[in-house]
Amino acid sequence: MNTESVAFAAGILKRRDDLRAQADTLKAADNARFLPLWNFKVLIHDDGGLATVPAAHPLLTQAGTTVFVGLDDTDAPVFAVDVSQAQMLDVDLVQDGIFDPSAQRHASTPDMTFRDLKLVMTELTPLDAEIAATARAVLGWHKSHMFCAACGKPSEIAQGGWQRTCGACNTSHFPRTDPVVIMLITHGNAILLGRSPHFPEGMYSLLAGFVEPGEPIEAAVRREVMEEAGIPVGDVSYITSQPWPFPMTLMIGCSGTAQSREIVVDKAELEDALWLSREDCASVMAGTHPSILPVRAGTIAHFLITKWLADR
């Protein structure tokens, strides 16, 4: 299925695991590009587009963890660099919540700011979006996995940032990806939407949940819908997927047919759930619904709902 409207899902980055052991050499290449991330925000040009800097840029004097992301479309090596120690000019603007609309500028980047990737993902080229998602996910993994899970001792970065090795017990650790099912559940001419307590006012989306160890995707879909909304689901089909680096998940998009419309909301999981007709859903996606906001463009939920509305 064509997923060009699903952010981060292009699958065109040349990841080149065969070059990861040579990362230190590649950093010195004349054409090497460095993508700084400040508190997991990506650097964006003021006129749009992902911003990278050369090796000698002042921001990189604050470089922390560095990861070889891969090669771009010109075969230039691309690195993600954590510069969270750098002092921003307007750090006080940072906001908590799902979305942080603030932008931070460094003295050395007068025409660039650090932005929340969720808010700029649709403004990036497919390749740059994949680079940014990979950078954020792997840097996030390093921050939360600094110690060996086997013995508790500090571990060291290896293989260009794609491995951590424990010098105490020789255990190797690799970046993790957590599988999450997200479900387009329908019953006749209606679609099931849910609202989490932490969502902004008026925001609803498709139901979603983590796949448990030893659990098939289809079973996870049925279990999550039953747990969250009390609705039994029959047939389940896989549609598409989306890497979602917040912090490190793979969204597995599925469709399912509900066997009942009677909703019993688990308040520990959802604040609300509802059935929305195709006509009302079209109004939501067009931004004309009186109380429900459109699902954010670039997300797999937006893609699945749009295709359902188009009967595709």
Side-chain angles (χ1 to χ4, degrees), residues 1-3 5-11 98 118 121 130 133-134 136-138 140-141 144-145 149 173-188 190-199 203-276 281 295-296 298-309 312:
M1 178 175 286
N2 183 1
T3 57
S5 59
V6 180
F8 315 134
I98 296 180
K118 293 188 291 295
M121 60 186 180
E130 188 176 355
T134 301
R136 193 196 189 286
V138 181
W141 173 73
S144 61
H145 290 75
H173 304 277
F174 302 91
R176 59 180 285 179
T177 296
D178 300 323
V180 173
V181 286
I182 181 166
M183 296 75 77
L184 180 81
I185 302 299
T186 59
H187 190 281
I191 188 173
L192 180 65
L193 298 180
R195 172 178 168 76
S196 294
H198 62 280
F199 279 4
M203 179 179 173
Y204 281 76
S205 189
L206 301 178
L207 271 59
F210 288 98
V211 180
E212 295 185 345
E215 185 177 41
I217 291 172
E218 297 83 356
V221 169
R222 297 188 181 101
R223 175 184 55 77
E224 284 290 340
V225 177
M226 176 59 72
E227 287 179 357
E228 295 185 352
I231 294 175
V233 173
D235 292 339
V236 173
S237 299
Y238 168 79
I239 299 178
T240 192
S241 63
Q242 179 184 36
W244 191 247
F246 310 103
M248 54 191 84
T249 57
L250 176 65
M251 307 298 292
I252 302 169
C254 298
S255 64
T257 303
Q259 297 178 327
S260 166
R261 286 206 187 195
E262 184 177 352
I263 296 175
V264 181
V265 173
D266 179 354
K267 291 297 185 178
E269 297 278 351
L270 296 177
E271 182 179 282
D272 187 30
L274 52 81
W275 288 104
L276 206 61
C281 189
V295 176
R296 185 169 292 274
T299 64
I300 191 172
H302 184 280
F303 176 84
L304 295 174
I305 293 172
T306 300
K307 294 302 181 184
W308 176 71
L309 285 172
R312 292 164 61 188

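Excluded from the calculations below are hydrogen atoms, water molecules and symmetry mates; all remaining heavy atoms, backbone and side chain alike, are included.
With sequence neighbours left out, E218 forms a salt bridge (charged side-chain N to carboxylate O under 4.0 Å, His left out) with no residue at all. In this view, D178 and R176 satisfy the salt bridge (charged side-chain N to carboxylate O under 4.0 Å, His left out) rule, not counting sequence neighbours.
Counting non-hydrogen atoms of neighbouring residues, nucleotides and ligands closer than 6.0 angstrom, the CZ atom of F210 reaches no more than 12 such neighbours.
Looking at heavy atoms from C-beta onward, W275 lies out of side-chain contact with I191 at the 4.5 angstrom threshold. For the pair V236 and I217, the minimum side-chain heavy-atom distance is 4.5 Å or more. Using a 4.5 Å heavy-atom threshold, the side chains of I98 and F246 count as separate. A 4.5 Å side-chain heavy-atom check between V221 and I252 finds every atom pair outside the cut-off. Residues R195 and L193 form no side-chain contact, since every pair of their non-hydrogen atoms from C-beta on lies 4.5 Å or further apart. Taking the side chain as every heavy atom from C-beta outward, W244 and K118 approach each other to under 4.5 Å. Contact check for C281 versus I305: side-chain heavy atoms found under the 4.5 Å cut-off. The shortest distance between side-chain heavy atoms of L304 and I239 falls below 4.5 Å.
Of all the heavy atoms in A208 and E228, the pair that sits closest is O-OE2, 3.1 Å. The two residues G194 and L207 come nearest to each other via the heavy atoms N-CD1, 3.6 Å. S241 approaches L250 most closely through the heavy-atom pair CB-CD1, 4.2 Å. In this structure, G298 and Q242 approach most closely via the heavy-atom pair O-NE2, 2.8 Å. Y238 approaches C254 most closely through the heavy-atom pair CA-SG, 4.1 Å.
Within the model, atoms CZ of R261 and CD1 of I185 stand 13.0 Å from one another, a figure rounded to the nearest 0.5 Å. Here the NE2 atom belonging to H145 is positioned 6.0 Å from the CE atom belonging to M248, to the nearest 0.5 angstrom. Separating the CZ atom in F8 from the CZ atom in R136 is a distance of 9.0 Å, to the nearest 0.5 Å. Put simply, CG on L206 and CD1 on I300 are 9.0 Å apart, with the number rounded to the nearest 0.5 Å.
A donor-acceptor contact shorter than 3.5 Å links the side chain of T299 to the backbone of H302. A donor-acceptor contact shorter than 3.5 Å is absent between the side chain of R222 and the backbone of P232. Side-chain atoms of T240 do not come within 3.5 Å of backbone N or O of G253 as any donor-acceptor pair. Within the 3.5 Å criterion, the main-chain N or O of E262 finds a donor-acceptor partner in the side chain of S260.
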**Prompt:** Checking side-chain contact (heavy atoms from CB on, under 4.5 Å) for the pair F199/S205: CA distance, chi angles, key distance, verdict?
**Reply:** CA-CA 9 Å; F199 279 4; S205 189; 4.2 Å; yes
